[in-house]
Amino acid sequence: AKNDQDKQVYIVYMGALPARVDYMPMSHHTSILQEATGESSIESRLVRNYKRSFNGFAAWLTESERQILANTEDVVSVFPSKTLKLQ
Amino acid sequence: TTASWDFVGLKKGKRAKRNPSIESDTIIGVMDSGINPLSDSFSDKGFGPPPKKWKGVCQGSKHFSCNNKVIGARNYTPRIKGVPHSAIDNMGHGSHTASTAAGNAVKDVSFYGLANGTARGGVPAARIAVYKVCDPCIKGCTTDGILSAFDDAIGDNVDLITISIGDDKGLPFHEDTIAIGAFHAMAKGILTVNAAGNSGPELSTVTSVAPWIFTVGASNTNRAFVTKAVLGDGKTVGRSVNSFDLKGTKYPVVYGKTASSNCDAASAAFCSPGCLDRKLVSGKIVLCDSVQNVEEAKYMGAVASIARSRRTDTALVFSFPVTALSGPAYDVVLSYINSTKNPIAAVLKSETIFNQKAPVIASYSSRGPNPIIPDILKPDITAPGTEIIAAYSPSVPPSIADTRHLKYSILSGTSMSCPHVAGVAAYIKTFHPRWSPSMIQSAIMTTAWPVNASTLMPEFASGAGHVNPLAAVHPGLVYEASKSDYIAFLCGLNYTGKNLRLISGESRTCTKAQSKSLPRNLNYPSMTAQVPATKPFKVTFRRTVTNVGTSNTTYKAKVVGSKLNVEVIPDEFSLKSKHEKKSFTVTVSGKGLGGGELVASSQLIWSDGFHFVRSPIVVYAAN
C-alpha cells in the first residue's frame, strides 16, 4: 500500500482561463494549494503554473491531497504527471 | 534530409515555389530535447528580426543564445544538481527534429561521406521556438513539463507545434496531456503535429489518437544504406550505417554461441553482456543472434560484428563495423561458418543505393486501428522517417559506446517523420496563412500519394497516404472542423460535464443533437467504421467540403479500389464561389466481414478534372 505521505507530481487542470480581467491565476493556484495541503508556504510543493493559455498547475501532492483538490470547485481534474518518450 | 525533401517533391531553391516573406514570419514551436544553437542549421545569417507577432522569450540559460533564426527558448526539464540546466540539446534528437522542420539549407552535409547533400528543413526561412521538455537525466519527457510547453507555445504565438513524443499506448483524452494541450492550440488556430509511435507492425499500437492532432507514421525514402558482408565463399548484403572502412580485409569469424566459457549457448549466441570470452573473440568478426548486444563483442575486442535483426528495413548506426542481416541471410552465414574449418569474412563500409520500391511503410511505425476512438483513422499521414540525416549535438555520440562527435547524424523513427509533416504544414500555411488547423490537415491528407499496399492493412499503416507538399497547396476542397465540431464529437463520445471541460477547458453542456452525434460523422478527411464481425453492415458518413479552389466548377465523386458497396449522395455538385460548402453522405454496406478478411477499404475521390480530393474509406471488423 502506498504511504499517504508519499508525494508525487500531479497535474491540477483547471480548464480555460476565466475571462475576468481581474483574475490572477497564480494567486488562485496558491490559495487552493494552501487550502488542500494546510500549509501556508507552498513553494516546495508547486512545480509549475499553467496561466497563459489555459488554467492549472502542477504540484507535489499526497494521495489524500489529490482527492481534496479533485473535489475542489474550479478544479476539473487531478492526474499524475508521467514520463513520455521520444519517438 | 539530404534526400527526404527531394523525395517528397519539395525541391530546393527555385524548383519549389516559395513565399519567402511569409515563410520568414512563420514560427515553428519544437517540443523536444532542446537544440544545438551552434549548428549551421540554426545560424541566423540572412534573417531579420523576429516576426512582430512573436511574444516569446529566450530563457535557454546564460550559455544559450537565441538569434534571429532560433528566436525563443524555454526549458521545462527539472534542475538536477551538477547538471547544467539549459535548453541545449543533450540528446541530439531535438536538433534533428527542429532542423528537419525548419533548419537552414546547409551544403555538403554527410555522415563520414555517406548520404552527402544539402541538409534542410521544409521551411528553411521559418523561425524556430525551442521548448525543451525531454532530457536524458529524466529518461524522457514529463507530462507536467509538456503541458507547460503548450501553455507557453500557444501564448508565444507560434504558428505550428511539432512534438515527436508519446506514451507507450494510446490514452483516453482526459489522461492525455498532448491531446489536452493540442486542443487548446487548435482552438487558437495552431496545428499540432505528433509522431504516431514506434510500436509497429502490431495493430492498434498508434499512440496519438485525437482527431485535432495530426498523427504521422513513418516510411523510407528512395535512398537506402546497405553494408555488405563478404564471406570467404561469396557475399551477402546487410543493413547498417557503417562509416568504418576496414579496406575489405577479411578476418576470422566466430559465432557468439561458441565463444563463451561462462554462459549457456542461447545467451552466448545473443552475445549477451558478460558472455563472450575475450580470448575467443578478440581480433575476429563475431556473429550475434541479435543487434541488441553487438557492443559486447566490441568490448571484448572484436573488429566487427554480423548480427541477426528483426527489422532489416532500417539501418542503424553502430560504434564499430556492424552489419545487420535478415533471418534467412543470417542463416546463410551460420551455414557457411558451420561448413568451413576456418571461416573468414569482411564487413565493408556502407554504401547508399537507390531504392525503387520507396515509399514503403516502416515496420516500426505504429499502426491503427485507433485504440481509443475506433471510428477515427490513425495515423493520418505518412512521411519519411527512416535513415534521416539532420542536425545533431556534437556532445552526444551517434550511438551507444561511440566516441565519434558529429554535427549531423542519422536517426530513424516516427520522431523523424513528424517534423517532415510539420514542415509541409508550415509550407502550406505560407500560401494560405488564414487556413485553420483542420484545413491544413485536410489539404495534406486528401492530396497524399497512395502508398503501395505492401502490408496487410495499408490504411492502418499509412493513413491517407504519403505526404505530397506541392499538391497540398492546391487541394481544391477541404474538410473543415472547428472547435465546436470537436466539442460535438466529444459529446457524442459521452464526454459531458466535467469530462468535457477537461478537454475543451470550457464549461459547456452538450445539446441533445450533439450527444447523439456519431464520432464517424466528425468532418474528418478519412472515413472509418468498426462494424460487428461477420454480420451484414450499413454505415453512413456525413461530410461537408469547402471550396478552396476555383469558382464555377463541378465535382464528381468516384469510388475506387472497392470490395465494398459504396454510395455517395449526391455524387456530383457544382460550386459557384470560393468557400462555398457542399454536404454529402457516403453509405457503405456489405454482407459482413470475416472469413479471413477483417478489413475492407476503398477510396472516395472528388474531382473537377484538375483537383483530386482523395479520402480513404476503411471498414473493419470488431476484434
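Below, read A as the first sequence line, B as the second, and so on, with proteins coming before strands; counting in each chain starts at 1. What you see is a predicted model, and the numbers here were worked out from it, not measured in a lab.
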Practice prompt. Check the side chains of A/Ser81 and B/Thr143 for a donor-acceptor pair under 3.5 angstrom, ignoring hydrogens and angles.
Written response: yes
Discussion item. At a 4.5 Å cut-off on heavy atoms, which part of A/Val75 comes close to chain B: side chain, backbone, both, or neither?
Written reply: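 The backbone, not the side chain.
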Response to the item:
For B/Asp168, the side chain to side chain contact (heavy atoms under 4.5 Å, CB included) test, sequence neighbours excluded, returns A/Lys85
Taking every non-hydrogen pair under 4.5 Å, which of [options] racks up the most with chain A?
options                               : result
B/Gly140, B/Gly413, B/Cys141          : B/Cys141
B/Gly94, B/Ala153, B/Ala185, B/Gly166 : B/Gly166
B/Ile146, B/Thr142, B/Ile178          : B/Thr142

Donor-acceptor under 3.5 Å ([X] side chain, [Y] main chain):
X        : Y        : result
B/Asp167 : A/Leu84  : no
A/Tyr13  : B/Thr177 : no
A/Ser53  : B/Gly155 : yes
B/Asp144 : A/Arg48  : no

With only heavy atoms counted, which part of [X] is less than 4.5 Å from chain A, the side chain, the backbone, both or neither?
X        : value
B/Met416 : neither
B/Tyr364 : neither
B/Thr207 : side chain
B/Leu171 : side chain

Is the shortest side-chain heavy-atom distance between [X] and [Y] below 4.5 Å?
X        : Y        : answer
A/Val76  : B/His174 : no
B/His184 : A/Phe54  : yes
A/Gln87  : B/Ile163 : no
B/Phe150 : A/Tyr50  : no

Worksheet entry | A/Arg52 and B/Asp152 ion-paired at < 4.0 Å | yes
Worksheet item: Do you know which of A/Leu86, A/Thr83, A/Asn55, A/Ile11 has the most heavy-atom pairs under 4.5 Å to chain B?
Response: A/Leu86
Atom [atom1] of [X] with >12 non-hydrogen neighbours under 6.0 angstrom:
X       : atom1 : result
A/Glu39 : CD    : yes
A/Glu43 : CD    : no
B/Lys53 : NZ    : yes

Worksheet item: side chain to side chain contact (heavy atoms under 4.5 Å, CB included) between A/Phe79 and B/Asp176: does it pass, once the steps are laid out?
Response: CA-CA 10 Å; A/Phe79 52 98; B/Asp176 184 344; over 6 Å; no
Worksheet item: For chain A, which residues from residues 130-139 of chain B have at least one heavy atom closer than 4.5 Å to it?
Response: B/Cys134, B/Ile138, B/Lys139
